[in-house]
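Could you have a look at this structure, given as structure tokens, before my questions?
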Amino acid sequence: MEDNKPWALISEVGKQGYIEEVTDIMKQHFQIICHKVFLQNPQLHGPKIQALFVWNAFPEAEPSLLGLLPSLKVVANGGVGIDHLDVPYINSLGVKVTNTPDVVTDATADMALGLLLASARKIVEGHQIAVNPKTTYIPQSLMGVEVTGSTMGIIGMGRIGCKIAQRGKGFDMKILYHNRNRRSVEDEQALGASYCENMDDLLKESDFIVLAVNLTPETTGLISHRELSLMKCTATLVNVSRGLVVDQDALVKALHSGTIHAAALDVTHPEPLPRDHPLLSLPNVLITPHVDTNTYTTTRKMVQKMVENAVAAVKGQSVPNEVKPN
Ligand SMILES: O=CC(=O)O
């Protein structure tokens, strides 16, 4: 039977291990073709593609590919950050860009706290000792940093930053935040968070500095030598925003020299880091491969939103999560 659903192109590598359920959701509204198959005959497949589904780790919406998709109506991104997409260029082709705000918020905030706790309490090191028959746990080794009652400074108090603050409150943390715009007094009271208009104050006072900003020209390289040198030597930097927010060379130096105590990063630049990157061999660094939204629940919600956005764009209807250029 002829399938009249529109065609969508997807990455075959995105959300590995979960791909079947992801594609099942997409298949309810689209006929899908994966990138690998598409590339076998782009001239044949290109003209029928109306939607392109992308994830931030797989920036396939490059001009070379977009040029092969004359019927494309939408690039539907899975995730809130769209720094990997050239929105003005894509829009200039008459193609909309969409993202999936809201649904990623909790999982990303969970990940920030997960990294913070794992780094502070040396959970990965503990696991390695526990499972390695050649090592023995020495009592009172693996000494960590106390999280309860510490000070957390959140840079970027948007949806995700607020959820991180809520979680910090559960650990009796003192919460400081810095944001382009101060939040309302009601928000601050509800979150138990104090505003630092000057980011330097937050850097000087926090035990854990958590980055939750969008990547923009203003936030690129936001944390560099000067900012790291203001932090306490006992401080831990946690990054769930984007790798480029941190000057990684400066971070390596700060971690190596003891300017700060540790870093826990779900994002780096590039992703993944080359195997010989110095961050990978520092003992006081915890790195995960940008897995902030990788839960079944969140992924399902993200894909549902991607599909909802793409369907609306293909039908020429108003698109729930269209991203406009800054
Ligand atoms: O990194 C995750 C996102 O952009 O949502």
Side-chain angles (χ1 to χ4, degrees), residues 10-11 13-19 22 25-26 52-61 74-87 90 96-116 118 154-164 167 179 210-220 222-223 237-246 248 263-273 286-310 319-326:
I10 61 162
S11 159
V13 279
K15 297 280 171 186
Q16 270 176 3
Y18 192 57
I19 196 73
V22 164
I25 297 172
M26 291 172 175
L52 173 61
F53 291 118
V54 296
W55 305 93
N56 56 34
F58 306 100
E60 284 144 344
V74 59
V75 175
N77 180 59
V80 72
I82 40 84
D83 46 279
H84 55 297
L85 297 172
D86 184 345
V87 180
I90 297 171
K96 291 187 185 339
V97 174
T98 66
N99 68 349
T100 63
D102 304 315
V103 295
V104 301
T105 308
D106 282 311
T108 307
D110 289 348
M111 192 67 199
L113 265 291
L115 284 170
L116 187 156
I154 303 170
I155 301 179
M157 200 63 145
R159 284 178 290 251
I160 294 170
C162 288
K163 290 285 185 169
I164 293 171
R167 284 152 175 73
N179 198 43
V210 183
L211 303 177
V213 287
N214 289 332
L215 180 66
T216 63
E218 292 73 44
T219 61
T220 301
L222 182 70
I223 302 298
L237 179 69
V238 178
N239 192 1
V240 289
S241 60
R242 285 294 182 265
L244 282 172
V245 172
V246 178
Q248 280 178 178
L265 315 167
D266 187 46
V267 287
T268 57
H269 182 76
E271 288 174 4
L273 288 172
L286 171 62
I287 301 191
T288 47
H290 202 153
V291 294
D292 58 346
T293 57
N294 286 17
T295 72
Y296 289 101
T297 303
T298 292
T299 299
R300 198 177 299 121
K301 287 183 189 164
M302 284 164 80
V303 176
Q304 274 156 352
K305 267 208 177 252
M306 290 163 85
V307 168
E308 221 174 281
N309 285 322
V319 177
N321 307 115
E322 182 173 358
V323 178
K324 301 279 189 198
N326 282 328

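Read the numbers this way: they start at 1 and go in the same order the structure lists the ligands and their atoms. This is a predicted model, so every value here is computed, not measured.
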Would you check the N or O atoms of G79, main chain and side chain alike, for any that come under 3.5 Å of an N or O of ligand 1?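 No, there is no polar N/O contact under 3.5 Å.
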Taking side-chain hydrogen bond (donor to acceptor under 3.5 Å, both in side chains) as the criterion, tell me which of T216, D83, T268 meets it with R242.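 Exactly one candidate clears the test, D83.
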Specify side chain, backbone, both or neither for D292, according to which of its non-hydrogen atoms lie closer than 4.0 Å to ligand 1.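 Only the side chain of D292 comes within reach of ligand 1.
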Between T295 (side chain only) and T298 (backbone N and O only), is there a donor and an acceptor less than 3.5 Å apart?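 Yes.
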Got a second to check how far I160's CD1 is from M111's CE, nearest 0.5 Å?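 Reported value, rounded in 0.5 Å steps: 12.5 Å.
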Those atoms of ligand 1 less than 4.0 Å from some heavy atom in H290: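 Per the distance check, 1 (O), 2 (C).
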Evaluate the criterion side chain to side chain donor-acceptor pair (under 3.5 Å) for residue pair N321 and T98; output intermediate values, then yes/no. CA-CA 5 Å; N321 307 115; T98 66; over 6 Å; no
Does a salt bridge link K301 with D102, judged by any charged N lying under 4.0 Å from a carboxylate O?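 Salt bridge: no.
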Is there any N or O on V80 that sits under 3.5 Å from an N or O of ligand 1?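 There is such a contact, yes.
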Is it the side chain, the backbone, both or neither of R242 that has a heavy atom closer than 4.0 Å to ligand 1?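 The answer is the side chain of R242.
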